[in-house]
Amino acid sequence: MSVVMVKSHSPAETKQLGEKMAALLQPGDVICLNGDLGAGKTAFSQGIARGLGVDGPVTSPTFTLINEYEGRLPLYHFDVYRLAGPAEMEDLGYEEYFYGQGVCLVEWAQRVEEVLPRERLDILLTRDEGPEEIRLVHFMPKGGHYQQLVEELMKIVRSGH
């Protein structure tokens with residue numbers, strides 16, 4: 001699977017990228033976000049939520065571990081930063097979410113990699129060395145469905161729509 005990188009020049013652009021991707025998401029999709037604090041994971045998540053038609057504010061579920069939102073598809077937003085490890089995912093009943101009818105968005109996913117589905121979309125957000133606002137968004141699809149999703153997203157991004 002090939003890695004695709006998109007450069008985002010602002011938090012608004014990062015949100016727009018998430019919003020464009022949301023149009024392509026289907027029930028059962030698992031999106032895994034990784035990156036340092038302040039790298040843009042929450043902005044990207046907010047874009048996905050907006051693209052799925054979620055009304056109201058979307059915040060990182062740091063203390064609740066999972067937030068559920070209703071939109072075109074249910075959105076299950078995990079933040080596993082505070083988990084001690086994958087075993088604690090069992091307590092959340094993660095399988096019901098991962099293999100359900102909604103979209104799962106997992107922030108800090110590398111912390112629970114052992115329980116993630118083999119087929120998923122890993123996204124790494126990093127700060128560029130230059131100006132403060134620039135983020136590099138690396139898409140690493142695992143599986144044919146996610147490869148196709150990234151290819152479709154790149155068509156949309158390159159067309160400027």
Side-chain angles (χ1 to χ4, degrees), residues 1 3-81 89 92 94 96-113 116-117 119-127 133-143 145-161:
M1 297 289 146
V3 175
V4 176
M5 193 270 293
V6 174
K7 193 176 275 194
S8 170
H9 297 88
S10 68
E13 218 172 275
T14 302
K15 273 186 196 174
Q16 287 170 351
L17 186 59
E19 194 170 347
K20 289 173 183 174
M21 192 176 90
L24 304 170
L25 295 176
Q26 299 172 7
D29 280 349
V30 177
I31 311 301
C32 299
L33 300 177
N34 292 297
D36 294 336
L37 286 169
K41 294 182 301 295
T42 300
F44 192 83
S45 299
Q46 290 169 337
I48 287 177
R50 190 166 62 199
L52 287 174
V54 171
D55 291 327
V58 173
T59 57
S60 197
T62 304
F63 296 103
T64 56
L65 301 177
I66 181 168
N67 286 337
E68 297 183 24
Y69 301 99
E70 285 301 320
R72 173 178 68 82
L73 296 170
L75 175 63
Y76 308 119
H77 186 189
F78 293 78
D79 183 331
V80 298
Y81 182 75
M89 286 290 283
L92 294 176
Y94 73 91
E96 277 183 50
Y97 294 104
F98 284 0
Y99 303 103
Q101 292 303 303
V103 172
C104 289
L105 193 57
V106 185
E107 291 191 39
W108 301 98
Q110 77 271 14
R111 291 175 174 260
V112 295
E113 190 157 1
L116 296 173
E119 293 204 2
R120 63 185 190 264
L121 178 56
D122 288 346
I123 300 173
L124 174 65
L125 293 100
T126 58
R127 289 190 171 113
E133 295 293 315
I134 293 181
R135 300 292 187 265
L136 304 177
V137 185
H138 304 265
F139 294 90
M140 297 160 287
K142 299 197 182 309
H145 165 70
Y146 295 102
Q147 181 72 37
Q148 191 174 356
L149 189 150
V150 171
E151 287 170 8
E152 291 298 315
L153 177 61
M154 290 308 109
K155 288 178 191 170
I156 293 168
V157 168
R158 290 184 185 118
S159 72
H161 295 311

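Quick note: numbers below take in every heavy atom, side chains included, and nothing from hydrogens, waters or symmetry partners.
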Practice problem: Could you pull out the closest heavy-atom pair between L73 and Q26, with the gap in Å? | Solution: CD1-C, 3.7 Å
Quiz item: Could you go step by step and tell me if L124 and M140 meet the side-chain contact (heavy atoms from CB on, under 4.5 Å) rule?
Solution: CA-CA 8 Å; L124 174 65; M140 297 160 287; 3.6 Å; yes
Quiz prompt | Side chain proximity check, M5 to F139, heavy atoms < 4.5 angstrom | solution = no
Quiz item: Counting only N and O atoms by type, is there a donor-acceptor contact under 3.5 Å from the side chain of R127 to the main-chain atoms of R135?
Solution: no
Quiz item: For V80 and L65, what are the C-alpha separation, side-chain angles and deciding distance, and is it a side-chain contact (heavy atoms from CB on, under 4.5 Å)?
Solution: CA-CA 6 Å; V80 298; L65 301 177; over 6 Å; no
Quiz prompt | Separation of K20 NZ from S159 OG (nearest 0.5 Å) | solution = 7.0 Å
Quiz item: Can you name the closest pair of heavy atoms from E13 and K7 and give their distance?
Solution: OE2-O, 3.5 Å
Quiz item: Can you tell if the side chain of F44 reaches within under 4.5 Å of the side chain of K15, non-hydrogen atoms only?
Solution: no
Quiz item: Under 3.5 Å, is there a donor-acceptor pair linking the side chains of E107 and H77?
Solution: yes
Exercise. Check whether any side-chain heavy atom of Y76 lies under 4.5 Å from a side-chain heavy atom of L105, and answer yes or no.
Key: no
Quiz item: Under a 4.5 Å cut-off applied to non-hydrogen side-chain atoms, are L24 and L153 in contact?
Solution: yes
Practice problem: Could you check whether the rings of Y97 and F78 sit parallel, tilted or perpendicular, using 30° and 60° as the cut-offs? | Solution: perpendicular
Quiz item: Distance-only, no hydrogens or angles: does the K41 side chain make a donor-acceptor pair with backbone N or O of G35 under 3.5 Å?
Solution: yes
Practice problem: Please round to the nearest 0.5 Å and tell me the distance separating atom CD of E133 and atom OG1 of T14. | Solution: 8.5 Å
Quiz item: Are side-chain heavy atoms of L149 and L121 found at a separation under 4.5 Å?
Solution: yes
Quiz prompt | C32 side chain near L116 side chain, heavy-atom distance below 4.5 Å | solution = yes
Practice problem: Quick one: pull up CG in D55 and OH in Y69 and give me the separation to the nearest 0.5 Å. | Solution: 12.0 Å
Practice problem: Report, as yes or no, whether the 6.0 Å neighbourhood of atom CD on Q148 holds more than 12 heavy atoms from other residues, nucleotides or ligands. | Solution: no
Exercise. Begin from the C-alpha positions of V54 and Q46 and carry the test side-chain contact (heavy atoms from CB on, under 4.5 Å) through to its verdict.
Key: CA-CA 9 Å; V54 171; Q46 290 169 337; over 6 Å; no
Quiz prompt | Polar side-chain atom of R72 near backbone of G53 as donor-acceptor pair, under 3.5 Å | solution = no
Quiz item: Taking atom OG of S8 and atom CD1 of I134, what is their separation to the nearest 0.5 Å?
Solution: 8.5 Å
Quiz item: Any side-chain heavy atom of R120 sitting closer than 4.5 Å to one from V106?
Solution: no
Practice problem: Go through the steps for V30 and V103 under the test side-chain contact (heavy atoms from CB on, under 4.5 Å), then give the verdict. | Solution: CA-CA 6 Å; V30 177; V103 172; over 6 Å; no
Quiz item: Does K142 come within less than 4.0 Å of D122, counting only side-chain N to carboxylate O?
Solution: yes
Exercise. First locate atom CG of L75, then atom OG of S45, and finally report the distance between them rounded to the nearest 0.5 Å.
Key: 8.0 Å
Quiz item: So do C104 and D29 actually touch side chain to side chain, heavy atoms under 4.5 Å?
Solution: no
